[in-house]
Amino acid sequence: MGAVVLGMHRSGTSAVAGFLANAGFFAGDDADLLPAAEDNPKGFFERADVNALNDHLLDELGGAWDRPPPRALVAERTPAWQTKVEAVLAGLYSGAGDRPLVLKDPRISLLLPAWLPVLDDRFAIILVERNPVDTALSVRRRDKRPLYVALALWQIYSTELLAGLAGRRVLVVHYDELVADPGRNTQLLLDRLAQALPVEGTDAGRAQGFVSGDMRHHQTGPRDATNEQVLTSAQLALYRWLAALPDGWAELSAPPELRSETESALVTAAEYYDAVGDRFGMETAYDTERHKALHFEQATELKDQHIANLEAALGGMRRQVDDQTERLGNLESQVEELDKANEALADQLRRLREDGRAAAGNLLAVAKRGWSGRPSA
């Protein structure tokens, strides 16, 4: 059992899902959730696996969150997606224990045929409504989309929600009213959910202060002249119908013209997406070539450094050879001097031997004369 929070990006779905998660609903462990970001410092409360699955399903149809695929393509592929959606939802259940679940990803709005049969009656559906001008301004601020593109996306998401949820009982939350008096309206939200599913163990007091007025950076009221100046006639009619829904439980029974697929909005989003894709492709190619050039420069610098190191080593070896050559020359000179000294010593020894032999001969001669001249007895 649990609640699924639906609505356009930047429409307040994070505020609602974050309140429920802080009040005791299970959105996922910290490791399962997308990290907070500068544009959403309190967190998105979207599971990474749910987000990745929806991105994958949209990509199968050549779409994305900002290039919604045609409704017919979604319906055609839905049977093949059921097991994937069930597997991801089972992962959400596995960590919840006895706590009610809260599931949130605006992309589900574009993929309702794949999700609703799996969610069935176990999930209460919360529809978050916010002024389209404020929503589009927030999208432009975060995603750098032109205002007319952001409004076309709001129109597509809202139309798909009205078509996919037609005849269903949903819990309507008007974002401006929620943040205008968060203490009262968050408690009302929890009380109304308790009418549809068990919420034991949850407490609005535990989430006190999570929803606050400073969450709202833009505020355009239903009667603001900006609406008529910025919105197309179809967008204005859609917004007025949504804004007129009572805060609380309501059955969605929008007129057929508000549920019909918006061809012009789809074309607007697709054309902008293609233009951005072409520019992105050129920027990617430029970055790739720049990276290659930088890599070549770095490789050249490394080779130059390597050559310099080799030349330095070679110079050192040459100096060592020169030193060894000098030492060898010195040794050869010493050897020559030793050879000369040895020859001189050998000559002296030869003369000494000759002198010795001469002396010995003289002694022998004297001795012979002495023996021959001795008188007889």
Side-chain angles (χ1 to χ4, degrees), residues 1-9 11 13-14 16-17 25-29 31-34 44-96 100-128 152-170 197 252 254 259-263 265-267 269-270 273-274 277:
M1 300 291 288
V4 56
V5 183
L6 300 177
M8 168 61 182
H9 299 265
S11 66
T13 54
S14 295
V16 173
F25 281 67
F26 181 72
D29 296 322
D32 301 325
L33 302 178
L34 297 179
F44 294 90
F45 299 92
E46 294 179 21
R47 287 180 62 100
D49 52 358
V50 172
N51 194 277
L53 172 62
N54 288 331
D55 277 338
H56 174 71
L57 300 184
L58 290 170
D59 184 65
E60 280 190 19
L61 303 180
W65 76 267
D66 55 353
R67 185 181 184 173
R71 187 181 295 173
L73 289 182
V74 175
E76 181 182 340
R77 289 291 296 162
T78 289
W81 292 341
Q82 294 300 297
T83 55
K84 295 179 181 180
V85 175
E86 289 171 355
V88 168
L89 194 60
L92 186 59
Y93 272 114
S94 65
L101 299 172
V102 56
L103 173 64
K104 175 250 177 178
D105 181 1
R107 295 162 182 80
I108 295 177
S109 304
L110 304 177
L111 300 166
L112 283 175
W115 279 93
L116 286 179
V118 179
L119 297 173
D120 56 51
D121 294 334
R122 294 173 295 172
F123 277 77
I125 297 174
I126 301 174
L127 176 63
V128 184
L153 290 171
W154 171 86
Q155 184 180 1
I156 296 168
Y157 274 73
S158 299
T159 301
E160 292 308 301
L161 283 169
L162 292 183
L165 300 175
R168 284 182 174 263
R169 188 166 176 262
V170 302
L197 51 90
L252 288 187
R259 292 184 275 117
S260 299
E261 191 166 29
T262 53
E263 294 291 341
L266 284 171
V267 170
Y273 188 91
D274 289 340

Report task. Kindly determine whether V50 and L92 satisfy side-chain contact (heavy atoms from CB on, under 4.5 Å), including the steps that lead there. Result -> CA-CA 9 Å; V50 172; L92 186 59; 5.7 Å; no
Would you give the length of the straight line joining atom [atom1] of [X] to atom [atom2] of [Y], rounded to the nearest 0.5 angstrom?
X	Y	atom1	atom2	result
Y93	R122	OH	CZ	3.5 Å
W115	D120	CH2	CG	12.5 Å
I156	L266	CD1	CG	4.5 Å
M8	S158	CE	OG	8.0 Å

Shortest non-hydrogen contact from [X] to [Y]?
X	Y	answer
V128	S11	CG1-O, 3.4 Å
A75	P79	O-CD, 3.7 Å
Y273	R67	CD2-CD, 3.4 Å
P69	V74	CG-CG2, 3.8 Å
L153	P68	CD2-CD, 3.7 Å
L110	A64	CD1-O, 4.4 Å

Requested in this report: With sequence neighbours left out, write down each residue that passes ring-ring contact (aromatic ring centres under 6.0 Å, His included) with Y157, or none if nothing qualifies.
Outcome: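 Result, ring-ring contact (aromatic ring centres under 6.0 Å, His included) vs Y157: H9.
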Is there a side-chain contact between [X] and [Y] (heavy atoms, below 4.5 Å)?
X	Y	value
L111	W81	yes
L116	I125	yes
I108	L103	yes

**Report entry** Any pair counted as salt bridge (charged side-chain N to carboxylate O under 4.0 Å, His left out), so long as it reaches residues 106-117, sequence neighbours left out
**Finding:**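 Checked against salt bridge (charged side-chain N to carboxylate O under 4.0 Å, His left out) - neighbours excluded - the pairs reaching residues 106-117 are E46-R107, D55-R107, D105-R107.
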Report task. Among residues two or more places apart or on two chains, list those pairs meeting salt bridge (charged side-chain N to carboxylate O under 4.0 Å, His left out) that have a residue in residues 155-166. Result ->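 Those involving residues 155-166 are R71-E160.
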Query raised in the report: Taking it one step at a time, do L161 and V170 satisfy side-chain contact (heavy atoms from CB on, under 4.5 Å)?
Result: CA-CA 11 Å; L161 283 169; V170 302; over 6 Å; no
Query raised in the report: Just wondering, more than 12 heavy atoms not from D121 lying within 6.0 Å of its CG?
Result: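 Atom CG in D121 is not crowded, with 12 or fewer foreign heavy atoms closer than 6.0 Å.
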Query - Set of residues satisfying side chain to side chain contact (heavy atoms under 4.5 Å, CB included) with respect to A27, sequence neighbours excluded - result: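 Side chain to side chain contact (heavy atoms under 4.5 Å, CB included) check on A27 returns A21, L33, V102.
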Query raised in the report: Would L6 and L112 count as a side-chain contact (heavy atoms from CB on, under 4.5 Å) if you check the C-alpha gap in whole Å, the side-chain angles of each, and the deciding distance to 0.1 Å?
Result: CA-CA 10 Å; L6 300 177; L112 283 175; 3.9 Å; yes
Query - Set of residues satisfying salt bridge (charged side-chain N to carboxylate O under 4.0 Å, His left out) with respect to R168, sequence neighbours excluded - result: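 R168 satisfies salt bridge (charged side-chain N to carboxylate O under 4.0 Å, His left out) with no other residue.
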Query - Set of side-chain hydrogen bond (donor to acceptor under 3.5 Å, both in side chains) partners for W65, sequence neighbours left out - result: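 With sequence neighbours excluded, W65 shows a side-chain hydrogen bond (donor to acceptor under 3.5 Å, both in side chains) to no residue whatsoever.
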Requested in this report: Check the pair V16 / T13 against side-chain contact (heavy atoms from CB on, under 4.5 Å), numbers first and verdict last.
Outcome: CA-CA 5 Å; V16 173; T13 54; 5.9 Å; no
